[in-house]
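The chains referred to below are lettered A, B, ... by the order of the sequence lines, with proteins before strands, and numbering in each begins at 1.
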Amino acid sequence: MGALHDRMKELLPDYVRGGISAGERQRVAEHLSGCEQCRQEAELLKDLFVLDVPDPGDGFWKALPVAVRSQARPSRPTSARWAAFAAFLRSLLSPAPVSAAVSLAVLVMVFSSVLQPPESEQLPRDPFVVSVIEYDDLSEADLPDERIALPDADGYSEEAGFGQATYHREFAALDDDELAALEEILMQKNNGGG
Amino acid sequence: MNQMDDDIQLVGRFRSGDESAFDALLERYQRRVYATAYRMTNDLEEAKDVTQKVFLNVYQGLPGFRQDASFKTWLYQICVNVCLNQVRQRRSVEVELDESLCSGGQCPLSSLIEHEERARLRTALERVPGRQRMAVILRVYEGLDVRETASAMGCSEGAVKAHYHQAVQKLKKIMAEDGHGRVA
């Protein structure tokens with residue numbers, strides 16, 4: 001049992017499979033004729049080698065790639081998940097999503113203007129809006145019903161009597177001397193603590 | 001171009017997103033993986049499950065496959081691990097099955113003697129411990145040399161030789177105990 005025996009023994013699996021060269025096959029055959037141990041082992045390996053394996057059927061082979069992929073998808077490998085994430089980022093930069101985002105922004109602006117309350121409701125709360133009211137649009141009907149009656153030519157009005165409006169008209173009718181006299185009277189009255 | 005180069009090209013194509021490359025790899029190795037699984041499990045349904053698990057691992061692992069070894073060796077590494085896990089999980093059931101089959105030798109039909117002897121040998125192989133059995137399967141059926149078998153099994157070449165030798169001795173002993181004529 002030397003190196004040749006070990007070498008031949010190592011070749012036995014290939015020998016029974018027919019996986020060695022013709023020269024090696026010849027050398028193994030010669031060794032087997034003189035080595036009972038290797039011959040028994042070669043017989044055993046031959047018996048093992050011819051053990052058949054049942055075919056699972058065409059259905060199994062056809063379904064195998066589909067089954068593998070369907071099981072693999074729920075837990076894709078990390079690199080695949082990163083690839084999917086990168087694809088998502090790329091898709092964000094493509095023209096279609098950009099145009100969709102612009103359209104969405106326009107829609108938001110339109111709806112916000114439509115849903116904004118009318119200016120008339122904003123008047124009491126927003127003084128800046130009051131300043132831009134167009135008074136030219138007002139008609140007679142929009143004016144308050146309260147009328148300020150002007151005095152007649154004699155300075156008397158039934159509604160106002162000798163009110164402030166008449167009082168001012170009297171001042172307006174005074175000439176310079178009368179105004180100077182009146183001013184002097186008022187100054188004396190103030191000085192006198194009246 | 002040899003098969004190994006072709007495998008590398010297919011792996012590269014799959015990693016670039018070409019799904020058909022995986023189909024080509026599967027088509028090339030599926031029957032060998034299934035045969036290995038069947039010889040390890042001696043059960044059709046288990047062998048089908050193992051085959052599917054092996055290629056599921058291949059599909060999920062290919063993006064990270066570093067090509068330190070050939071695709072074939074890497075595939076057998078996966079196959080060995082899945083098969084041994086499968087065998088470990090059903091060890092208790094396996095023992096009961098062995099006992100029922102080996103208590104026989106009572107088949108009345110002489111025309112089935114050869115078939116029976118094959119069944120005994122198959123059962124004997126099933127009684128060999130998992131790693132020893134795998135060493136025999138890879139060496140005898142798959143044609144892997146000692147170095148390739150060591151790489152697939154994740155052990156030294158010396159360990160492969162030891163596993164293989166122990167498996168052969170055990171098979172001889174079992175067949176002799178069961179009255180197999182040719183092996184003493």
Measuring from atom CG of A:Leu12 to atom CZ of B:Arg139, what distance do you get when rounded to the nearest 0.5 angstrom? 9.0 Å
Under 4.5 Å from any heavy atom of chain A, what part of B:Val58 do you find: side chain, backbone, both or neither? neither
Taking the inter-plane angle between the rings of B:Phe22 and B:Phe14 on a 0 to 90° scale, is it parallel (under 30°), tilted (30 to 60°) or perpendicular (over 60°)? tilted
B:Tyr29 ring center within less than 6.0 Å of B:Phe55 ring center: no
Would you mind listing every ring-ring contact (aromatic ring centres under 6.0 Å, His included) that reaches into residues 7-28 of chain A, with sequence neighbours excluded? none
Flag the pair B:Asp6 and B:Arg28 as a salt bridge only when some basic side-chain nitrogen lies within less than 4.0 angstrom of an acidic carboxylate oxygen. yes
Answer yes or no on whether A:Arg17 is positioned over the face of B:Tyr141, meaning its NZ or CZ is under 6.0 Å from the six-membered ring centre and within 45° of the axis. no
For B:Arg15, which atoms come within 4.5 Å of any heavy atom of chain A: side chain, backbone, both, or neither? neither
Non-hydrogen atoms of chain B under 4.5 Å away: do they reach the side chain of A:Phe60, the backbone, both or neither? side chain
Would you call A:Arg25 and A:Glu30 a salt bridge, taking side-chain N to carboxylate O under 4.0 Å as the test? no
Hey, are B:Arg120 and A:Asp47 close enough for a salt bridge, meaning a charged N less than 4.0 Å from a carboxylate O? no
Which residues in residues 77-84 of chain B have any heavy atom lying under 4.5 Å from a heavy atom of chain A? none
Proximity breakdown for A:Glu10 and chain B, heavy-atom pairs closer than 4.5 Å: both
Pairing residues for B:Tyr164 by the ring-ring contact (aromatic ring centres under 6.0 Å, His included) criterion, not counting sequence neighbours: none
Identified side chain to side chain contact (heavy atoms under 4.5 Å, CB included) partner of B:Thr41 from the options B:Lys48, B:Gln86, B:Glu126: B:Gln86
Looking at B:Glu19 and A:Arg69, is there a salt bridge between them, counting it only when a charged N and a carboxylate O are closer than 4.0 Å? yes
Heavy-atom pairs under 4.5 Å with chain A - which of B:Asn57, B:Ile137, B:Leu56 has more of them than the others? B:Leu56
Please output the residues of residues 144-161 of chain B in contact with chain A, using a heavy-atom cutoff of under 4.5 Å, in numerical order. B:Val146, B:Lys161
Interatomic spacing from CE in A:Met187 to CG in A:Leu182 - rounded to 0.5 Å: 12.0 Å
